[in-house]
Novice: 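Would you mind keeping the following structure in view while I ask a few things?
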Amino acid sequence: MNNKINHLAIERLSILLDYIASQSEETDRINSKQKSHRLIENNNLFSQQLFNTESDLFSPYVKEVKSRLNKFKRLSSSSKGNDNKEEFAKSTLIQIEQQISSLMSALGANQAMHQAAQINFEARKKVRIKQATKAAKQYQEKYDVAASTVLSTSHQLYQQLSEHHEFERRLLAMITEREQQRQKHKYLNNQNISQEVLVLHQRLGRCRKAISAIERNIELAEKVTFAKK
């Protein structure tokens, strides 16, 4: 991976993590004061396939991702010319983006999850779940706008690269969600979910092909710039 592209990835992920860390601390504080949280606490927020951390709080998961990002920083600075290290660094980056995506989705759904618990507690499930779903969607859109703002750059090629990485992140999140659904309902007929996963993987392949093309264009553009100098 190009060192400049690595630096861009580290910068945008660090900014996102700082934002998510702040939101996680605030969400954990709010959750601790809600009666509905008692119905869902002591359950891990994410599966062990995605995180090593086990907690019903968001902040410990953010610390794990920050630790992995620091590891990626070290790898990216020492992987130049080493194919094995570069491949491992790329794999680590994908895992980090997948974890960040899952955290953002979970934070966006947190309010809905607690409202749903409160609905059951108050025996008004159908009406309140509809409201919670709408609130969760609005909350997620707020995160998407924030992420898009953070990832925007003035350079057209880097802007395209950021947008495609964002699209890649969303596809990975959707694949993870569908895989979790398939595991959850593994005793049922999962043909439809399997088809969705296949289509998502095809879209992910096309997205990564586009990312590679943009990265080549960036390298060419930089060569032209340096040649002019």
Side-chain angles (χ1 to χ4, degrees), residues 9-10 12-14 16-17 19-21 23-24 27 40 43-69 71-72 87-114 116 132-133 136-148 150-151 161-211:
I10 291 171
R12 69 182 178 83
L13 291 176
S14 296
L16 273 175
L17 273 176
Y19 184 66
I20 293 173
Q23 295 300 312
S24 295
T27 300
I40 54 179
N43 293 311
N44 295 334
L45 294 177
F46 302 97
S47 68
Q48 289 185 307
Q49 285 78 19
L50 187 60
F51 285 93
N52 294 323
T53 300
E54 296 183 10
S55 177
D56 59 358
L57 302 175
F58 285 98
S59 296
Y61 295 98
V62 177
K63 290 180 180 178
E64 178 179 330
V65 183
K66 284 188 174 181
S67 176
R68 181 163 284 183
L69 182 58
K71 182 178 180 181
F72 174 72
E87 187 63 29
F88 186 68
K90 183 182 292 186
S91 174
T92 300
L93 178 61
I94 291 174
Q95 291 174 342
I96 291 171
E97 291 185 333
Q98 187 174 354
Q99 287 180 321
I100 289 177
S101 172
S102 298
L103 276 167
M104 292 177 70
S105 296
L107 282 167
N110 177 75
Q111 185 178 358
M113 181 173 63
H114 284 77
T133 301
K137 183 179 179 181
Q138 293 173 340
Y139 200 59
Q140 185 62 50
E141 289 173 352
K142 178 181 178 182
Y143 268 94
D144 290 341
V145 170
S148 297
V150 169
L151 295 175
L161 184 63
S162 295
E163 289 173 353
H164 278 75
H165 275 305
E166 175 68 10
F167 186 46
E168 179 189 41
R169 180 190 65 75
R170 292 185 184 180
L171 285 172
L172 287 169
M174 292 169 69
I175 290 172
T176 298
E177 180 184 359
R178 297 301 189 277
E179 290 289 2
Q180 289 175 346
Q181 290 177 353
R182 182 160 57 181
Q183 288 296 319
K184 185 177 180 181
H185 304 289
K186 59 183 178 180
Y187 297 111
L188 301 177
N189 184 354
N190 288 323
Q191 184 175 359
N192 290 338
I193 296 179
S194 298
Q195 182 62 31
E196 288 182 20
V197 171
L198 176 60
V199 172
L200 287 171
H201 274 293
Q202 291 172 343
R203 292 173 64 188
L204 181 62
R206 291 194 295 270
C207 176
R208 286 177 172 169
K209 184 177 179 180
I211 287 174

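All residue numbers refer to positions in the sequence shown, counting from 1. No experiment lies behind these values; they were computed from the predicted model shown.
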Novice: Would you say the side chain of Cys207 lies within less than 4.5 Å of the side chain of Leu171, judging by non-hydrogen atoms?
Specialist: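 Leu171 vs Cys207: side chains touch.
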Novice: Kindly compute the distance separating CG (Leu200) from CE (Met174), expressed to the nearest 0.5 Å.
Specialist: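 It comes to 5.0 Å.
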Novice: Measure the shortest side-chain to side-chain distance between Phe46 and Leu103 over non-hydrogen atoms and say whether it is less than 4.5 angstrom.
Specialist: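 Phe46 vs Leu103: side chains touch.
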Novice: Please round to the nearest 0.5 Å and tell me the distance separating atom CD of Gln98 and atom CD1 of Ile94.
Specialist: 9.0 Å
Novice: Is it true that a side-chain atom of Asn44 and a backbone atom of Ser55 form a donor plus acceptor pair closer than 3.5 Å?
Specialist: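 At least one qualifying donor-acceptor pair exists.
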Novice: Nearest 0.5 Å please: distance from the CG atom of Leu50 over to the OG1 atom of Thr176.
Specialist: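 If I round to the nearest 0.5 Å, the distance is 6.5 Å.
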Novice: Kindly give the heavy-atom pair with the smallest separation between Ser14 and Leu69, and that separation in Å.
Specialist: OG-CD2, 3.5 Å
Novice: Could you walk me through whether Leu13 and Leu93 pass side-chain contact (heavy atoms from CB on, under 4.5 Å), step by step?
Specialist: CA-CA 10 Å; Leu13 291 176; Leu93 178 61; 3.4 Å; yes
Novice: Over all heavy atoms of both residues, which pair between Val62 and Ile20 is shortest? Give the atoms and the distance, please.
Specialist: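 Result for this residue pair: CG2-CG2, 4.0 Å.
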Novice: Using the salt bridge (Lys or Arg N to Asp or Glu O under 4.0 Å) definition, which of the options Arg208, Arg206, Arg203, Lys209 pairs with Glu168?
Specialist: Arg208
Novice: What's the separation between atom CD in Glu97 and atom CG in Leu172, rounded to the nearest 0.5 Å?
Specialist: 7.5 Å
Novice: Are Gln49 and Glu179 packed together at the side-chain level, in the sense that at least one heavy-atom pair is separated by less than 4.5 angstrom?
Specialist: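 Gln49 does not reach Glu179 side chain to side chain.
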Novice: Going through the checks in order, is the side-chain contact (heavy atoms from CB on, under 4.5 Å) test met by Lys63 and Lys66?
Specialist: CA-CA 5 Å; Lys63 290 180 180 178; Lys66 284 188 174 181; 5.6 Å; no
Novice: Look up atom CD1 in Ile96 and atom CD in Glu64, then write down how far apart they are to the nearest 0.5 Å.
Specialist: 10.5 Å
Novice: Minimum heavy-atom separation for His165 and Ile211, please, with both atom names.
Specialist: ND1-CD1, 3.9 Å
Novice: With heavy-atom distances below 4.5 Å as the criterion, would you say the side chains of Glu166 and Arg169 are in contact?
Specialist: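 The answer is yes; the side chains approach within 4.5 Å.
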Novice: Check whether any side-chain heavy atom of Val65 lies under 4.5 Å from a side-chain heavy atom of Tyr61, and answer yes or no.
Specialist: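 Answer no - side chains too far apart.
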